[in-house]
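Below you'll find the structure, written out as structure tokens, and then a few comments.
Remember, it's a predicted structure, so these values are computed and weren't measured experimentally.
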Amino acid sequence: MADQAPRTLEERIQRLEDIEDIKQLKALYFEYADGQDWERYGSEVITEDFYFDSDAEPIQGRDAVIEMVSTSLKGATTVHHGHTPRIEVDGDTATGRWHMADYVTIPLPEGEAYVIRGYGYYDETYRRTPDGWRISSSRMTRIRVDSEGADFAMADTES
């Protein structure tokens with residue numbers, strides 16, 4: 001979806017405001033995820049029918065996504081960075097691509113930890129709601145992952 005060339009000053013201003021609102025929304029996405037504030041993440045950031053696709057299986061629905069993410073990150077420390085977004089607005093919908101880096105430390109038994117440093121991007125869709133813009137879908141693609149610590153993949157398959 002490509003931006004339609006705004007014709008009037010009002011349309012141009014609205015487009016810029018929409019893009020800024022989406023940037024602020026993504027900042028909340030990172031803030032609430034890193035702070036594990038799942039209540040605000042669900043109510044202020046994503047739609048009820050939110051679709052999430054990442055390293056794990058794709059998940060549909062706000063409640064299912066929050067359950068999966070909050071469970072998998074319980075006790076973990078995360079730091080997400082998003083930058084250089086390309087956002088295209090088309091009325092009450094928009095698309096965006098954010099370059100990203102994340103740092104995830106997952107505690108394991110006996111004081112060990114598994115650390116992931118990921119680099120890639122988010123491809124997202126947004127929808128304007130009565131409460132403002134919300135993320136309606138997000139696909140996180142890591143193009144590089146550096147990890148250290150215990151063999152988490154092996155430990156995970158043995159449980």
Within 6.0 Å of CZ in Arg139, more than 12 heavy atoms from elsewhere:
no

Is there a path of hydrophobic side-chain contacts, each under 4.5 Å between heavy atoms, that joins Leu108 and Leu73?
yes

Between Thr105 and Thr77, does the side chain to side chain donor-acceptor pair (under 3.5 Å) criterion hold? Intermediate values first, please.
CA-CA 5 Å; Thr105 303; Thr77 302; 5.7 Å; no

Rounding to 0.5 Å, atoms OH (Tyr41) and CD1 (Ile66) come to a distance of 7.0 Å

SB check Glu48 Arg134 (cutoff 4.0 Å):
no

Nearest heavy atoms of Phe30 and His80, plus distance in Å
CD2-CB, 3.2 Å

For a quick test of reading the model, state the closest non-hydrogen atom pair linking Tyr126 to Gly96 and the distance between them.
CE1-N, 3.6 Å

Rounded distance [0.5 Å steps], CD1 in Ile106 versus OH in Tyr114:
7.5 Å

Do you know the tightest heavy-atom contact between Gln36 and Lys74?
OE1-CA, 4.3 Å

Can you confirm whether Tyr51 sits close enough to Thr125 that some side-chain heavy atom of one is under 4.5 Å from a side-chain heavy atom of the other?
no

May I ask you to establish whether Lys26 and Tyr122 are in a cation-pi arrangement, using a distance under 6.0 Å from NZ or CZ to the six-membered ring centre and at most 45° from the ring axis?
yes

Less than 4.5 Å apart, any side-chain heavy atom of His81 and any of Met100?
no

Looking only at heavy atoms, what is the nearest atom pair of Gly91 and Val89, with distance?
O-CG1, 3.8 Å

Are Glu67 and Thr71 packed together at the side-chain level, in the sense that at least one heavy-atom pair is separated by less than 4.5 angstrom?
yes

Any side-chain donor paired with an acceptor under 3.5 Å for Gln14 and Glu10?
no

Drop me the distance from Asp49's CG to Gln60's CD, to the nearest 0.5 angstrom.
6.0 Å

Evaluate the ring planes of Phe52 and Phe50, with Trp represented by its six-membered ring, and classify them as parallel (under 30°), tilted (30 to 60°) or perpendicular (over 60°).
parallel

Does Ile135 offer a backbone N or O that forms a donor-acceptor pair with the side chain of Arg127 under 3.5 Å?
no

Heavy-atom closest pair (Thr78 atom, Ala33 atom, distance to 0.1 Å) is OG1-O, 3.9 Å

Just do the side-chain contact (heavy atoms from CB on, under 4.5 Å) check on Trp98 and His83 with the steps written out, would you?
CA-CA 6 Å; Trp98 294 79; His83 51 90; 5.9 Å; no

Of Asp123, Thr141, Thr84, which is the lone residue that meets side-chain hydrogen bond (donor to acceptor under 3.5 Å, both in side chains) with Arg97?
Asp123

When rounded to the nearest 0.5 Å, the distance separating CG of Asp18 from CD1 of Ile13 is 12.0 Å

Checking Thr47 against Ser136 for the side chain to side chain donor-acceptor pair (under 3.5 Å) test, could you report, in this order, the C-alpha distance in whole Å, the side-chain angles of both residues, the deciding distance, and whether it holds?
CA-CA 5 Å; Thr47 60; Ser136 54; 5.1 Å; no

Within the structure provided, determine whether Val115 and Tyr103 are in side-chain contact (heavy-atom separation under 4.5 Å).
yes

Do you know the tightest heavy-atom contact between Ala76 and Pro107?
CA-CD, 3.8 Å

Using a strict cut-off of less than 4.0 Å between a Lys/Arg side-chain nitrogen and an Asp/Glu carboxylate oxygen, indicate whether Arg144 and Asp146 qualify as a salt bridge.
yes

Electrostatic pair Glu44-Arg40, nearest N-O below 4.0 angstrom
yes

May I ask you to test the Ile116-Val145 pair for a side-chain heavy-atom distance under 4.5 Å?
yes

Supply the atom-to-atom distance Lys23 NZ to Ile87 CD1, rounded to the nearest 0.5 angstrom.
6.0 Å

To the nearest 0.5 Å, how far apart are OH in Tyr29 and OG in Ser138?
4.5 Å

Tell me whether Glu11 contacts the main-chain N or O of Arg7 through its side chain, where contact means a donor paired with an acceptor under 3.5 Å.
yes

